[in-house]
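Here the structure is laid out as structure tokens; the discussion comes afterwards.
Here, residue 1 is the first one in the sequence, and each next residue gets the next number. We count ligands from 1, going down the list as the structure has it; atoms in each ligand are counted the same way.
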Amino acid sequence: MNAMTPLPGDACAAILDKARSGERLSPDEALILALSAPLHDLCAAAMEARLQKHGRNAYYVHNVHVNFTNVCVNACRFCAFYKKHGAPGGRTLSVDDIVADLAAKSHLPIREIHIVGGLNPELPLEYYLDMLRAVSRQCPQAGIKAFTAVEVAHLADTRSVAEFEILAALKEAGLMMLPGGGAEVFSPALREKLCPEKISGERWLQIHATAHGQGLPTNATMLFGHIESWSDRVAHLSALRDLQDLTGGFTCFIPLAYQPANNALKAPGPDGLTVLRVMALSRLFLDNIPHLKAYWAMLGIKAAQMALWAGADDFDGTIIEERIGHAAGADSPKGLPLTELRQAIEAAGMVPVERTPDFRPVPR
Ligand code: V47
């Protein structure tokens, strides 16, 4: 190294200064930060970005998860939730079951119904539309965030109907927005190992673009802490940022911490340091996606609280019963009563702000 070559620490400091001044980071710069920035400096810069966007607000939603089927024709290697079609343990709820379950929760001020399932070849499109209509009738005060791009693709392919038409029908029946699931990591080489049956990253992005074009906002996820590298993560974030420049339709980015139990992947899951670095880098790099979620169900409450100091501004919700992460051994509670959720946010030094699925504040 000659006298003119900046030391890694200097290079990181210069890049962090650039981020602080509001300049966009290139993927190469993000990679340098990811690999070499001191943790405190990275988190401090992400915290500054978070404070500029949201102050000390930490958003939460009173929500419930509905997993209408665990039957799935895909067999994602990281997933412990799915059952093969016809295998023991497969279960599919009728629309009446779903409505009865929501009716039993009608004393709760639920604002978001988060609905996802597997790719069950036996369910007709009418089932999805009936479900949306029935849930809207049962919970008129709540917004419905439902069906990943993977489910939308499945509905389109199995009926030979354009994705645009599927999305239009779902919207007409009451869909407010799409959740961010199914993105995993976009790298085709990694998808071949993680989820070879799943739609490509390109198609996932294209379905989200179509949704945005129809006025449906969406979220985006990244599954991290398994076999992916920092280059894979930065490429994933870069693809999301590029699409967001075009459509502006992403509301929230959610780094999902891989849970290692009961699935075929046999990878360790992220350590606490990686959680903070992924959060901080996401906040700094995704300058055009307004919200970053610390998803306590997969991170654990303590790591999620710390993530609020590494750029995250959303704590997700009450959930009541989380099933996908817990099938894979998540050791967080399955749900959090509202008072505990708010206390967790306050104990982390933030101000809890209730929101709708699309992040409109709910007056208290
Ligand atoms: O797409 C599956 C992931 C996702 C595992 O949009 C796993 O607000 C960790 O997308 N370890 C579904 N993750 C969950 C999801 C989500 C959750 C909360 C909020 C929102 C939102 C979206 O769960 C799947 C997959 O990436 N997943 N198995 C596992 N072993």
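For ligand 1 and K293, the ligand atoms under 4.0 Å from any heavy atom of the residue are 8 (O). Heavy-atom proximity to I254, at under 4.0 Å, picks out these atoms of ligand 1: 6 (O), 8 (O), 20 (C), 21 (C). Ligand 1 places these atoms under 4.0 Å from at least one heavy atom of K145: 6 (O), 8 (O), 21 (C). The distance from ligand 1 to the heavy atoms of N219 drops below 4.0 Å at these ligand atoms: 6 (O), 8 (O), 21 (C). Contact atoms of ligand 1 toward P179: 6 (O) (distance under 4.0 Å to a heavy atom of the residue). The contact set between ligand 1 and G181, taken as ligand atoms under 4.0 Å from a residue heavy atom, comprises 1 (O), 10 (O).
Distances shorter than 4.0 angstrom occur between a heavy atom of A257 and an atom of ligand 1. Heavy atoms of T221 come nearer than 4.0 angstrom to ligand 1 in at least one pair. The shell of residues lying under 4.0 angstrom from ligand 1, judged by heavy atoms, excludes G325.
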Would you tabulate the side-chain donor-acceptor contacts of residues 162-170 under 3.5 Å, counting partners in other chains and residues two or more places apart, or write 'none'?
residue	atom	partner	partner atom	Å
E163	OE1	Q206	NE2	2.8
E163	OE2	R203	NE	2.8
E163	OE2	R203	NH2	2.7

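Among the atoms of D316, none of the N or O lies under 3.5 angstrom from an N or O of ligand 1. Considering backbone and side-chain N/O atoms, G180 comes within less than 3.5 Å of an N/O atom of ligand 1. Ligand 1 has no nitrogen or oxygen under 3.5 angstrom from a nitrogen or oxygen of L223. Between F78 and ligand 1, an N or O atom pair is found at a separation short of 3.5 Å.
Within the 4.0 Å heavy-atom criterion, neither part of C76 lies near ligand 1. With a heavy-atom cut-off of 4.0 Å, V150 does not touch ligand 1 at all. Contact annotation for F81 and ligand 1: no heavy atom of the residue comes within less than 4.0 Å of the ligand. At a 4.0 Å heavy-atom cut-off, ligand 1 touches A328 through the side chain alone.
Taking 4.0 Å as the cut-off between side-chain N and carboxylate O, R191 and E184 do not count as a salt-bridged pair. Ionic pairing of R342 and E354 is not present here: no N-O contact between side-chain nitrogen and carboxylate oxygen is shorter than 4.0 angstrom.
Closest heavy-atom approach to atom 25 (C) of ligand 1 within the set R77, H65, E184: this belongs to E184. The closest non-hydrogen atom to atom 20 (C) of ligand 1, taken over E112, H326, H114, comes from H114.
Under 3.5 Å, the side chains of H326 and E321 contain no donor-acceptor pair of N or O atoms. Side-chain contact of T251 with H291: a donor-acceptor pair under 3.5 Å is absent, judged by distance alone. Donor-acceptor pairing under 3.5 Å is lacking for the side chains of N120 and Y127.
A donor-acceptor pair under 3.5 Å links the side-chain atoms of Q305 to the main chain of A344, judged by distance alone. Proximity of a side-chain donor or acceptor of K266 to a complementary backbone N or O of N263 within less than 3.5 Å is detected.
Given atom 15 (C) of ligand 1, the protein heavy atom at minimum distance is L256 CD1, 3.9 Å. When hydrogens are left out, the protein atom nearest atom 18 (C) of ligand 1 is Y295 CZ, 3.3 Å; that is the closest non-hydrogen contact. Regarding atom 1 (O) of ligand 1, its nearest protein heavy-atom neighbour is G182 N, 2.7 Å. Protein heavy atom in closest approach to atom 12 (C) of ligand 1: I324 CD1, 3.9 Å. Given atom 11 (N) of ligand 1, the protein heavy atom at minimum distance is Q259 N, 2.8 Å.
Residue E202 qualifies as open at atom CD: its count of foreign heavy atoms under 6.0 Å is 12 or below. Other residues, nucleotides and ligands contribute only 12 or fewer heavy atoms inside 6.0 Å of the CZ atom of R360. More than 12 heavy-atom neighbours from other residues, nucleotides or ligands sit within 6.0 angstrom of NZ on K84.
A cation-pi arrangement, defined by a distance under 6.0 Å to the six-membered ring centre and an angle within 45 degrees of its axis, is absent between R323 and F81.
Side-chain rings of H54 and Y59 approach one another, their centers coming within less than 6.0 Å.
E346 meets the salt bridge (charged side-chain N to carboxylate O under 4.0 Å, His left out) test with no other residue; sequence neighbours excluded.
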